[in-house]
Structure formats: structure tokens, C-alpha cells
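So the structure is just underneath, and the comments pick up after that.
By convention in this document, chain letters (A, B, ...) are assigned in the order of the sequence lines, proteins followed by strands, and residues within each chain are numbered from 1.
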Amino acid sequence: MDKYNENLTDVKEIFRKGDLRAIPKPLLKWYDNNRRILPWREQPTPYRVWVSEIMLQQTRVEAVKPYFQRFMDTLPDIAALAEAPEETLLKLWEGLGYYNRVRNLQKAAIQIMEDYAGIMPDSYEELLKLKGIGSYTAGAVSSIAYGKPNPAVDGNVLRVIARIRKDDRCISEDKVKKAVEKDLWEVIPKDRPGDFNQAMMEIGACVCIPNGAPHCEECPLRQICLAYEDGTQQQYPNKAKAKERTIEEKTILIIRDAELAVLHKRPAKGLLAGMYEFPSMKGFCTAEEVKEYLTENGLQVLRIQPLEDAKHIFSHREWHMKGYLIRVDELAPKKVGPDSADWIYIEPRETQDRYPIPSAFAAYAKGLSMQLGIPRTMF
DNA sequence: AAGGCGGGGAC
DNA sequence: GTCCCAGCCTT
């Protein structure tokens, strides 16, 4: 018996396992009883939905929660977003990662002010023209904020669908995602497209989970699911293995005089673009090498104190770091050395509300508030 | 088609 | 340690 609902009297609603047409009814019924309360689900205006979807790209719900309301309070509408200074944007995004997202968010806000009279477009095609909006986000915004029947296919949806259909195709491939989007366009309910998309993702995040065994006993789709039928859920989805990480060694310098500390703004492109960091040296350096480097850059070193080693893991890279807390005589405005020309001198407390520093430096950012009260006898 | 781009939680 | 997250952009 491979009909999941042969007891229904309406013949039109009888489907084989793996048929996506069978999804909407049980899914929406489950969603009505199990949807999470999330900040962006209250008053789902186009702007709120859009900002939340950008924040949620490759980022878990729990990570986004503390960022969303603060962002909305600071930049309550598209006009405010379009005019915000870059440092304000990066500070609001600090710790969330993928910082190009917020720069693209602003570029899109400017597009909307200039090309759409300040109104977020409602069609899938127009949304796709905005910076930072791809097929997933165009589907999410158009369906959740505007009620348009477009699918929003993310990693959750790809996993749920792959298991339901026992689909061996690699979900990392563009064509597979496109095919799933096309299939969902055929079955997405026209009366509740936003809820359907959110419900699919909710199932993926809470029931048909990415790590570990899925909670099939509580899944409203288990009678439709081909993988559940033979217990092969964990074999899906098929996905390409992640590339190996390369290791990079660095020496981080917390340079201070009596009042100020040194930061450096990273280049506008590449890793952690536009974020602030401490000056650093390539490789693991000794205190003597650090002193030599700083002297070349016109500083008189009074003390060098080793800090604890630290490690930070990115997707495709690892930083292994040594650190030194360095007291210099005076951070002169005169820029002399090869690197110090790009340094900025700040009051340590300014990192709290002004300069965005990525999490990679968290272990050393503490050095900004450390007292430098080491007895002179140590030197 | 492939690589770059953060950070953290779950196992 | 590994996996992967409400993906998108560039090359």
C-alpha cells in the first residue's frame, strides 16, 4: 500500500509517496500548531522581512535574534538604511559574519530609493535585481511580505525534499536547486505561500534537522516520505564535501601608549572587508622581532607582554595567533614606518560603540581594557 | 562550475 | 574533529 491517505474520500487528494502535491495540507496544519514566535514574524512588513532574510542567510535563527531588533531600532526604514554610514552598518552587523551582506543591503536600499520611489518591489523578478537578493530571498520576500506564490528554497527545503523523494542528486549544484524551485512552483498553495515557505523551513530546522537523526515521529510528512519508509533519512541529502582549510599563523599586536591604542581598517575587498583589526605580523614572532618591527615604524617600545595564544576558524581558513600587549612611549601622529601610515589611534572605549571588530580578534580585544600596571622593575 | 565569504552550535 | 546553517557574488 503506497498511498499515504487512501482513507480520504476526495480522490483528487490521493498521492503516492514522494509526490510533492501531498505536502501543503499536512504541512500547513502542523505549522499552525507548531510555528515558533520570532521577532520578524510580528508585523511582517516588506522591510522587516527583507532585513531578516538577509541576516538569516547561512545564519541560524538563534544567532540572528539579538541583532534584528537593534537593527530595526537604529535603521527603522529603507531611507534610513540608504543613508547610514558604513561604520554604523558594520557595527550593527559586528559578529554576525559575511559582512558584504550589510553593504549589499544598503546598495539595494539605495536602488529602491532611486528606482522604486522608496517602495520595496513586490515581484520576484524585480526583487532579483536588488543587490544581495537571489532566488531564495526573492521568493521569501515576495511570498511572506506580499503573498506571492513563489517558492523559497534554502538548505532546509533542499534537505526535506531530498528525503521525501529519496533524491540522490547533489544539492550543491545550481541545477538541482533550480529543479526543486520549479517543482515547488507547481504545488505551492496560492492562498498561503508565505506560510508554506516558512513551514518548509521550520520543518527542516526543527524536525528534519541537518545534524543528527531527524525527529520523524513528530513529522507531519512522514507518511509521504520515501526515506522514512525504508529508514534511509540520514543518507540524504547528497552534498559535496567541504574543501580543506588552510592554516595561517599571525602575531597580533595590541599597541598602546598612556591613552590611545592602535587599530587598522582592513581593505574594502576580501576577508572581513572594511572591519577594524589590530596591527599584525605574518607568522609567529618573538618579542624581539616585534620590538624591531615597531621601532621600524617609529615607535619607542617600553614593554612587551605576551598574551595567550588564540585560534579562529573560518570556513576555508584557520588563523593561529600569538599576541603581545605592548606599551609604547607615544603614539605620535607622525607616520613614518612602512605599515604605520595605515594605523589609526583610538581611545580603547571607542571600540564599544564605534569601531567594528570581527570575532576573530575577540581574545585580544580584551587587551584594550587591561591595565598596563606592570611594575617597572620587570624591565 | 567553482571559490570566497563568518561565526557558532550540535554531535 | 565534522557538518552546516532562512545564500549570494565574482570569476
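- Within the structure, the ring-ring contact (aromatic ring centres under 6.0 Å, His included) test picks out the following pairs touching residues 155-197 of chain A (sequence neighbours left out): A:Y124-A:W185.
- Within residues 62-87 of chain A, no residue places a heavy atom under 4.0 Å from DNA chain C.
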All N/O contacts under 3.5 Å from nucleotides 1-5 of chain C to the protein, with atom names and distances to one decimal?
residue : atom : partner : partner atom : Å
C:dC5   : OP1  : A:R159  : NH1          : 3.0

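- Whole-Å rounding puts the A:I209 CD1 to B:dA10 P distance at 11 Å.
- For the pair A:R41 CZ and C:dA6 P, the interatomic distance rounds to 11 Å; values are reported in whole Å.
- The residue among A:K131 and A:Y136 whose nearest nucleotide of DNA chain C is located toward the 5' end is A:Y136.
- Rounded to whole Å, the distance from CE on A:M275 to C1' on B:dC5 is 13 Å.
- Rounded to an integer number of Å, the gap from NE2 of A:H316 to P of C:dC8 is 16 Å.
- Taking only side-chain nitrogens and oxygens, A:K177 never comes nearer than 4.0 Å to OP1 or OP2 of C:dG7.
- Residue A:I326 forms a side chain to side chain contact (heavy atoms under 4.5 Å, CB included) with just one option from A:I254, A:L302, A:V290, and that option is A:V290.
- Rounded to an integer number of Å, the gap from A:F314 CZ to B:dG7 P is 5 Å.
- Within the 4.0 angstrom heavy-atom criterion, base atoms lie near A:W40.
- Comparing A:K243 and A:K175 by the nucleotide of DNA chain B that holds the closest heavy atom to each, the one mapping nearer the 5' end is A:K175.
- With respect to A:S142, the side chain to side chain donor-acceptor pair (under 3.5 Å) criterion is satisfied by exactly one of A:N150, A:T137, A:D122: A:N150.
- A distance of 6.0 Å or more separates the ring centres of A:H316 and A:F314.
- Using a 4.0 Å heavy-atom cutoff across all strands shown, A:G95 reaches sugar-phosphate atoms only and no base atom.
- C:dT11 and B:dG6 have their P atoms separated by 16 Å, given to the nearest Å.
- Between A:E277 and A:H264, the side chains place a donor N or O and an acceptor N or O closer than 3.5 Å (distance only, hydrogens not considered).
- When heavy atoms are screened at a 4.0 angstrom cut-off, A:L38 is found touching base atoms of the nucleic acid.
- Proximity of A:H312 to the phosphate of B:dG6: no side-chain N or O atom is located under 4.0 Å from OP1 or OP2.
- Using a 4.0 Å heavy-atom criterion, one finds that A:T137 contacts the sugar-phosphate atoms exclusively.
- Salt bridge annotation for A:D230-A:K166: present, with a cationic side-chain nitrogen under 4.0 angstrom from a carboxylate oxygen.
- B:dC11 sits 14 Å from C:dA6 when the P atoms are compared, rounded to a whole Å.
- Remark: A:K265 NZ is packed, more than 12 non-hydrogen atoms of other residues, nucleotides or ligands lying under 6.0 Å away.
- When the P atom of B:dG8 is taken as reference, atom CD of A:Q57 falls 18 Å away, rounded to whole Å.
- Within 4.0 Å of A:L272, counting heavy atoms only, lie sugar-phosphate atoms of the nucleic acid but no base atom.
- Within 4.0 Å (heavy atoms only), A:A360 reaches sugar-phosphate atoms of the nucleic acid but no base atom.
- Here the rule is ring pair (Phe, Tyr, Trp, His ring centres under 6.0 Å) with A:F361, and of A:Y355, A:Y276, A:W319 only A:W319 fits it.
- Between the C1' atom of B:dG4 and the NZ atom of A:K269 lies a distance of 12 Å, rounded to the nearest Å.
- Ion pair A:R349/A:E347 not flagged as a salt bridge, since none of the NZ, NE, NH1 or NH2 atoms sits closer than 4.0 Å to an Asp/Glu carboxylate oxygen.
- The nearest whole Å value for the distance from the CG atom in A:L96 to the P atom in C:dA6 is 13 Å.
- For the OP1/OP2 pair of B:dA1 and a distance below 4.0 Å, the side-chain nitrogens and oxygens of A:K178 include no atom meeting the criterion.
- Within a 6.0 Å sphere centred on CD of A:E308, heavy atoms belonging to other residues, nucleotides or ligands number 12 at most.
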For A:E181 and A:K178, what are the C-alpha separation, side-chain angles and deciding distance, and is it a salt bridge (Lys or Arg N to Asp or Glu O under 4.0 Å)?
CA-CA 5 Å; A:E181 286 168 346; A:K178 280 214 177 352; 5.3 Å; no
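- Listed nucleotides C:dC9, B:dG6, B:dC5 differ in distance to A:R317; the shortest reach to its side chain belongs to B:dC5.
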